[in-house]
Amino acid sequence: MIGAGRYRTHAAAGAADAVGESVRVSGWVHRRRDHGGVIFIDLRDRSGILQLVFHPEQAPEAHAAAERLHLEDVICVDGEVVRRSEDTVNPRIPTGEVELAVATMERLAETEPVPFSVEDESTEPSEELRLTYRYIDMRRPRRLAALELRARVVRAMRRVLDDEGFLEVETPVLTRSTPEGARDFLVPSRLSQGEWYALPQSPQLFKQLLMVGGLERYYQIARCFRDEDLRADRQPEFTQLDVEASFVEPADIEDLTERVLVACFAEAGIEIPVPFPRMGYDEALRRFGSDRPDLRFGMEIQDWTEAAGRTDFAVFTGVVEAGGVVRGLVVPGAGAGVSRKDGDELMAEAQALGAKGLVWAIVQDDGTLRSPVAKFLDGLADAFGASPGDLITLVADDERVASEVLGTLRNRFAERWDLIPADTWAPLWVEDFPLVGWNADEERWDALHHPFTAPHPDDIGRITSDPGSVRSLAYDVVLNGLEIGGGSIRIHDQAVQAAVFECIGLGAEEAEDRFGFLLRALRLGAPPHGGIALGLDRLVMLLAGERSIRDVIAFPKTATGADPLTGAPAGVDEVQLTELAVRSTAPPPEAPEG
RNA sequence: GGGGGUGUAGCUCAGCUGGUUAGAGCGCAGGACUGUCAAUCCUGAGGCCGCGGGUUCAAGUCCCGUCACUCCCGCCA
């Protein structure tokens with residue numbers, strides 16, 4: 001083992017297999033139990049915990065030194081691994097049947113009191129403190145386990161892709177700003193003052209160039225950068241498994257991705273069935289109100305438009321006559337205890353989400369409905385298959401709003417009424433996305449993914465006449481309601497590319513100016529190609545059962561993009577700015593307080 | 001950019017309708033104890049109640065502002 005010459009013959013956990021042997025182990029003082037005579041130390045290294053025993057008679061020097069040890073001191077000990085007597089076995093730790101009778105001890109590092117306990121995992125220090133002392137935080141088993149899982153997942157990805165003949169290639173981090181999608185992080189150039197590099201939002205353009213370059217199968221564990229506001233599942237820098245292949249169709253990439261994910265899940269001890277279910281974008285929106293539906297639970301959106309149009313309820317008939325829909329959810333068992341006031345709150349919640357209103361009803365034991373507008377809801381419970389005790393909510397609005405609002409409520413209700421089964425994994429492919437979406441603000445069509453996404457060959461004829469109906473060869477992989485990856489087949493035909501540019505109002509000149517280098521390459525023998533990018537952080541977060549991707553990143557940033565450990569971002573020297581010909585217009589920072 | 005939550009000892013937290021000397025557990029320091037494993041027992045130190053302003057006889061507590069952290073919307077593949 002590494003370090004064997006000087007510091008260790010065994011890892012702490014490995015000592016359990018060395019009963020009767022003389023060993024040397026090194027690590028941290030995890031816990032100390034000083035009985036005045038005999039002293040017990042729980043020694044911790046990355047492998048686990050091993051109990052050390054210091055006897056005053058057998059090793060007086062080591063015992064005296066052990067009296068002065070602090071928690072988290074770093075020590076190296078020699079001694080014999082002995083089996084514990086039966087009454088002193090500790091079944092709670094893997095090495096609980098043995099202990100190390102210490103002969104000699106060396107203190108390798110004496111520590112100041114640590115800012116929070118490594119050993120006590122019953123309390124969780126504030127996240128800011130954990131980030132400030134991330135190196136203490138990662139001594140805690142849960143944090144360590146997340147990083148170990150992440151490393152295993154990456155190894156599994158590499159294993160699958162290497163075996164399939166994929167080539168790992170690095171693409172530049174200092175690259176060119178292509179103002180599409182997210183805001184770029186910019187880096188001023190010293191050698192060309194006034195000009196800027198941009199950090200890549202993804203290696204998208206480079207991986208297409210690699211396909212033109214004939215590499216055929218590429219992947220990269222790629223760091224990506226986006227200068228947007230943060231969230232629990234969003235960091236300014238994050239990692240993707242980026243994959244691209246030539247001479248492929250969507251099913252090839254989907255099958256490959258499934259093989260990768262199966263291997264990743266296996267690292268977390270989870271078996272997922274393949275193939276994953278496939279669902280069209282329109283169907284996902286209609287049934288679940290989301291293009292990344294959480295399929296761990298049912299509660300599908302149901303339609304009552306036709307019946308609602310026949311009621312005397314003006315709210316419904318008005319919407320139906322205007323071409324809108326009346327749709328709703330049945331929340332099983334949620335009706336108990338819902339008061340008039342709770343109903344009003346549901347209404348307000350739906351309005352905050354953009355709906356005009358919300359109708360609620362509770363199915364009573366006799367099958368009738370309790371609702372402020374019960375008299376208009378004849379037959380609703382039967383139509384929706386609702387049972388006594390269920391809560392029904394209805395939204396009447398145009399189709400897009402109703403779908404969006406119900407989709408959000410569906411997720412919230414499942415959470416609120418605890419309808420999501422634990423330890424369930426629901427992967428899904430969402431396909432047949434529209435190629436473009438209408439940008440109402442700027443009154444033009446926008447590429448829904450990016451402008452190199454290939455249109456569906458069956459729909460390409462409508463790209464001028466009816467762009468909104470054209471599907472793309474794009475696919476997202478969704479897990480438990482989170483998008484963990486997305487990709488597409490790219491355009492390799494220049495006539496198609498020109499048509500798409502025209503559709504989204506990108507003139508030939510402007511396209512040439514922004515993406516000229518890619519377009520030139522695509523004219524020089526580009527094979528049909530496509531790929532996918534998987535969000536590594538989100539995937540590992542889900543597999544590790546964590547609520548934030550910060551928990552699976554070694555040194556993450558806070559919600560304001562700061563790193564409390566290093567103090568980044570921070571001011572720089574005036575000299576540095578002068579060299580870059582950059583001047584800040586920001587007001588001088590206040591002295592920090594609090 | 002907008003909305004919600006949090007901020008009290010090194011850490012996790014309690015502190016009621018404003019009231020006199022701000023508490024607990026863990027950690028830390030000193031002591032006792034020879035088989036514990038969250039060891040136990042005794043003693044002790046440790047507080048700009050995030051920061052600034054205001055109301056009040058009186059503010060950890062109420063009001064305004066501000067900063068930090070956090071969740072969400074906007075934004076973001």
Side-chain angles (χ1 to χ4, degrees), chain A residues 30-43 49-58 63 67-68 70-72 82 84-93 95-96 99 101 111-133 136-137 180-184 201-202 204 224-236 238 240 242 291-292 352-354 408 412 433 447-450 453 474-478 482-488 532-535 538 547-548 550 557-562 564 589-594:
Chain A
H30 188 63
R31 272 191 276 261
R32 195 166 74 109
R33 294 175 293 279
D34 184 344
H35 287 249
V38 67
I39 297 174
F40 300 99
I41 303 262
D42 288 343
L43 180 88
I49 285 174
L50 177 66
Q51 173 166 283
L52 313 178
V53 198
F54 295 78
H55 288 286
E57 293 89 6
Q58 291 166 25
H63 180 270
E67 284 185 317
R68 295 189 298 272
H70 309 107
L71 294 181
E72 298 303 313
V82 296
R84 298 197 200 181
S85 66
E86 240 170 73
D87 53 321
T88 61
V89 162
N90 180 1
R92 283 200 295 277
I93 61 173
T95 61
E99 61 193 8
T111 182
E112 295 175 7
V114 285
F116 56 87
S117 172
V118 174
E119 161 270 320
D120 175 13
E121 289 207 281
S122 66
T123 63
E124 183 91 324
S126 76
E127 186 161 14
E128 190 184 9
L129 192 75
R130 291 196 289 113
L131 293 185
T132 306
Y133 297 95
I136 305 290
D137 192 35
E180 283 283 316
R183 199 177 287 120
D184 281 325
Q201 298 180 23
S202 88
Q204 178 61 35
C224 304
F225 305 87
R226 286 176 195 157
D227 189 7
E228 297 292 346
D229 286 2
L230 285 70
R231 286 282 197 288
D233 61 352
R234 255 196 254 157
Q235 283 272 300
F238 60 98
Q240 287 185 345
D242 195 49
D291 62 0
R292 44 185 169 83
L353 292 172
T408 303
R412 288 192 189 172
F433 284 85
L448 209 69
H449 279 68
H450 54 69
T453 303
Y475 31 82
D476 278 1
V477 57
V478 173
L482 273 187
E483 182 203 325
I484 58 166
S488 65
I532 194 165
L534 295 178
R538 281 186 194 175
R547 299 198 132 259
S548 161
R550 292 188 297 271
K557 306 213 172 15
T558 67
T560 52
E590 310 262 335
E593 333 179 55

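Note on naming: letters A, B, ... go to the chains in the order of the sequence lines (proteins, then strands), and numbering restarts at 1 for each one. Please read all numbers here as calculations on a predicted model, not as lab measurements.
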Nearest-angstrom distance from the residue atom NE2 of A/His30 to C1' of B/rG27: 14 Å

Nucleotide B/rC11, atom C1' - distance to CG of A/Leu71 in whole Å: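 After rounding, the gap between these two atoms is 13 Å.
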
Can you list the residues that meet the side-chain hydrogen bond (donor to acceptor under 3.5 Å, both in side chains) rule with [X], with sequence neighbours excluded?
X: A/Ser488; value: A/Arg490
X: A/Thr88; value: A/Ser85
X: A/Thr132; value: none

What is the distance from atom [atom1] of [X] to atom [atom2] of [Y], rounded to the nearest 0.5 Å?
X: A/Gln201; Y: A/His450; atom1: CD; atom2: NE2; result: 11.5 Å
X: A/Arg92; Y: A/Ile49; atom1: CZ; atom2: CD1; result: 11.5 Å
X: A/Ile136; Y: A/Thr111; atom1: CD1; atom2: OG1; result: 6.5 Å
X: A/Leu534; Y: A/Ile484; atom1: CG; atom2: CD1; result: 6.0 Å

Complementary nucleotide for [N] - Watson-Crick or wobble, under 3.5 Å:
N: B/rA22; result: none
N: B/rC28; result: B/rG44
N: B/rC75; result: none
N: B/rG65; result: B/rC51
N: B/rA14; result: none
N: B/rC37; result: none

Aro-ring/base stack A/Phe116-B/rC11, d under 5.5 Å, angle under 30°: no

Between [M] and [N], how far apart are the [atom1] atoms? Round to whole Å, please.
N: B/rG10; M: B/rU56; atom1: P; result: 34 Å
N: B/rG31; M: B/rU70; atom1: C1'; result: 43 Å
N: B/rC51; M: B/rG60; atom1: C1'; result: 14 Å
N: B/rA59; M: B/rU8; atom1: C1'; result: 14 Å
N: B/rG27; M: B/rA38; atom1: P; result: 13 Å
N: B/rA58; M: B/rA22; atom1: C1'; result: 16 Å
N: B/rC13; M: B/rU6; atom1: C1'; result: 13 Å
N: B/rC62; M: B/rG19; atom1: P; result: 10 Å

Reading 5' to 3' through nucleotides 37-49 of chain B, protein heavy-atom contacts under 4.0 Å coded B for base, S for sugar-phosphate only, - for none: BSB----------

Contact pattern, 5' to 3', of nucleotides 69-77 of chain B - B, S or - by protein heavy atom under 4.0 Å: SSSSBBBBB

Sugar-phosphate only, base, or nothing, as touched by A/Glu121 at under 4.0 Å among non-hydrogen atoms: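 Counting heavy atoms under 4.0 Å across all strands, no contact is made by A/Glu121.
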
5'-most by nearest nucleotide on RNA chain B - A/Pro56 or A/Val114: A/Val114

Qualifying residue, where the test is side-chain contact (heavy atoms from CB on, under 4.5 Å) with A/Gln51 and the options are A/Leu43, A/Thr95, A/Asp42: A/Asp42

Over 12 foreign heavy atoms within 6.0 Å of OH, A/Tyr133: no

Distance-only donor-acceptor test, A/His55 side-chain atoms vs B/rG35 base atoms, 3.5 Å: yes

Set of salt bridge (charged side-chain N to carboxylate O under 4.0 Å, His left out) partners for A/Arg234, sequence neighbours left out: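 By the salt bridge (charged side-chain N to carboxylate O under 4.0 Å, His left out) rule, A/Arg234 matches no residue at all.
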
